[in-house]
Amino acid sequence: MSKLHAVEDPTDWLNTSLSCFEPLEAALRCQVCKEFYDTPMITTCSHTFCSLCIRRCFNSDGKCPTCRTSDQADKLRRNWVVQELVDTFKAARPAALKLAQTKAGSEDDEAERPKRKRKLEDTDIEEDSFEDTRRPRRTRRSRSVAHGTSQEEPIELDDSGDGDYDPEEGTTLCPICKSRMKVGLVYAHLDLCDGKPVNNNGATRARTQPSKPKEPLPPAARLPQLNYSLLKDNALKKKLQDLGIAAHGSRALIIRRHTEWVNLWNSNCDSSRPRTKRELLRELDSWERSQGAGASTVPSAVMKKDFDGEGWAASNKDQFDELIANARRNRARKEAKTEEREEKPNEDQIDSMPTHQPEQAPSISTPVRHDEIPNPYEGNEKALSIVREKVDEANSHGRRLRSSGQPIPAPPRDEERPGSINEGPPLDEEVDANPPISSQQPSSQFVPISPNVDMSRKAHMFRLPEDPIIDTDGGTSVS
Amino acid sequence: MANPASKRLFKEYRGLSSDPPEGITAGPVTEDDMFLWEALIQGPEGTPFEGGIFPAELKFPKDYPLAPPTMRFTCEMWHPNVYQNGTVCISILHPPGDDPNHYEHASERWSPIQSVEKILISVMSMLAEPNDESPANVDAARMWRERRKEYERIVRGNVRKGLGL
């Protein structure tokens with residue numbers, strides 16, 4: 001089913017025998033959201049909008065969208081008559097539209113149909129060069145086909161006289177309110193269905209009068225608008241928490257979220273069919289995704305359908321070439337190293353044992369963490385030595401007794417490491433000068449192996465993933 | 001489709017495709033993204049733009065219709081109210097809050113009850129009747145005022161170029 005024609009629109013009436021219903025339906029729709037009025041409210045300048053729409057507009061610029069008179073949300077009044085008109089029209093619409101389409105279809109001469117008031121000129125140019133932009137435009141016939149599951153095929157309509165017309169053909173029952181409607185309209189109806197049985201064929205005024213909601217009402221008290229400039233961040237956050245809505249994000253976002261919530265809440269208070277707070281929260285959640293915190297992620301141009309891949313490749317050729325060259329260089333270097341390593345694997349292992357610093361053992365498995373967490377005992381030699389002793393003790397019991405061979409030189413190394421990692425290329429000298437440090441340096445793999453470089457057995461576990469990081473560091477410091 | 005902006009844009013798309021005003025075609029580039037539209041405007045008859053088809057793109061803000069879209073011609077345009085990069089400068093596209101030019105009436109400017117259709121119709125009439133009070137393209141405005149013949153020649157040249165002639 002085409003998404004486009006699943007939506008009800010006043011233009012449904014065009015090319016039916018009731019094309020005069022188009023302006024009627026348009027008049028029953030809110031000018032801001034183009035939907036049927038939902039909880040219509042009248043302004044002091046006597047213009048009517050959905051409660052939520054007009055509240056949003058007032059928040060945006062404080063003026064009536066139609067006449068630009070300044071007005072305020074708390075001066076809005078309900079417009080029950082319009083609500084009633086909309087409800088009855090909505091109930092009558094499917095049957096009326098079907099009848100109108102049938103009537104139009106049963107007319108013999110298609111040319112007798114009311115001509116569309118406005119028509120695009122069918123110039124050759126347009127036919128030829130802009131064919132695909134015309135795609136969405138369909139005639140009435142293709143539109144009713146697009147309703148998909150509907151059995152109301154246009155051909156059938158053309159052939160069937162009024163006598164053959166079965167009012168229940170191509171219709172189904174709404175599973176909630178049990179009213180009969182066209183198959184294609186069921187989904188749209190389900191969104192609006194409030195469970196009340198609706199009589200499609202002859203809606204009466206009495207039934208569509210505002211009903212008393214069955215659900216426990218949210219307290220009908222409207223929320224006041226806040227003067228945000230008078231509130232400190234914390235007070236504002238507190239307000240949001242008290243209301244039960246999220247209080248994270250920047251101040252601007254919090255203010256927008258609060259404004260939206262007040263709009264949602266107050267328009268719900270206006271409604272004759274109020275929803276629960278849970279539903280309102282869900283609504284706020286979808287607002288959050290489309291306009292709040294979640295909306296800031298603009299899709300990258302690379303993701304666009306018409307992205308010019310070749311143009312991009314050409315304009316960034318320099319960078320791509322450089323990256324490729326770097327990658328080749330790295331690979332060559334690494335292969336050279338691996339060969340070298342393979343020549344003396346046993347030696348490495350043996351070396352690593354005695355020079356291994358026990359208190360550094362944890363950092364082997366979590367090298368990154370170690371770098372990030374500042375050492376709380378830095379500078380406090382006494383505390384450090386106690387810690388080291390403990391660690392040594394644990395390690396020597398738990399793992400290998402040999403490893404506690406040199407506990408004393410450890411402290412300076414531990415403190416030097418974070419600095420030395422950031423230094424990039426100069427590391428080479430440092431590694432040579434101070435071999436044990438390199439034992440936990442992922443970068444040691446780039447250093448030509450010297451016999452005293454300690455290649456811990458675990459080093460190669462994280463060698464691969466660390467490659468690019470090292471390379472970048474090296475590159476920047478060179479340039 | 002959850003958010004009001006794309007719902008409303010979808011409605012407008014629906015209306016424009018079922019019942020397009022004469023000389024105007026518009027719709028989203030893809031139905032997945034309602035916030036970027038393409039539009040085609042026919043040059044109004046009796047003007048140097050006659051016979052031309054002018055493609056433009058419309059970008060909608062997330063809080064549409066509270067804020068207006070921006071419109072940019074993607075073809076060459078020599079017109080007092082169109083910037084060199086194709087951006088259209090017309091009062092209906094300006095939010096009522098700010099009036100950098102101090103000449104527009106609030107009633108002419110953007111309001112949530114305006115629509116894509118009204119924008120495109122306004123732009124079409126703008127093509128016919130430039131507003132040279134606050135031109136976006138000063139050279140074009142001066143030429144339009146002082147050397148109308150030359151202005152029309154350039155415009156006709158653009159029309160032909162746009163049609164690939």
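Residue numbering restarts at 1 for every chain, and letters A, B, ... go by the order of the sequence lines.
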Drop me the distance from [X]'s [atom1] to [Y]'s [atom2], to the nearest 0.5 angstrom.
X: A/L14; Y: B/D19; atom1: CG; atom2: CG; value: 5.0 Å
X: B/I113; Y: A/C33; atom1: CD1; atom2: SG; value: 13.0 Å
X: A/K34; Y: B/K7; atom1: NZ; atom2: NZ; value: 15.5 Å
X: B/L66; Y: A/C53; atom1: CG; atom2: SG; value: 8.5 Å

Residue list, salt bridge (Lys or Arg N to Asp or Glu O under 4.0 Å) with B/R160, at least two apart or on another chain: none
Show the nearest heavy-atom pair for residues [X] and [Y], with the distance to one decimal.
X: A/D9; Y: B/G15; value: OD2-CA, 3.8 Å
X: B/S111; Y: A/P65; value: OG-O, 2.5 Å
X: B/K11; Y: A/E8; value: NZ-O, 2.7 Å

Close side-chain approach of B/P65 and A/V32, heavy atoms under 4.5 Å: yes
Check: A/D12 and B/R14 side chains under 4.5 Å, non-hydrogen atoms: yes
For chain A, which residues of residues 137-153 of chain B have heavy atoms nearer than 4.5 angstrom: none
Interchain contact, A/S60 with chain B, by part (heavy-atom threshold 4.5 Å): side chain
B/K118, NZ atom: more than 12 neighbouring heavy atoms under 6.0 Å: yes
Donor-acceptor pair, side chain of A/R56 and main chain of B/D63, under 3.5 angstrom: no
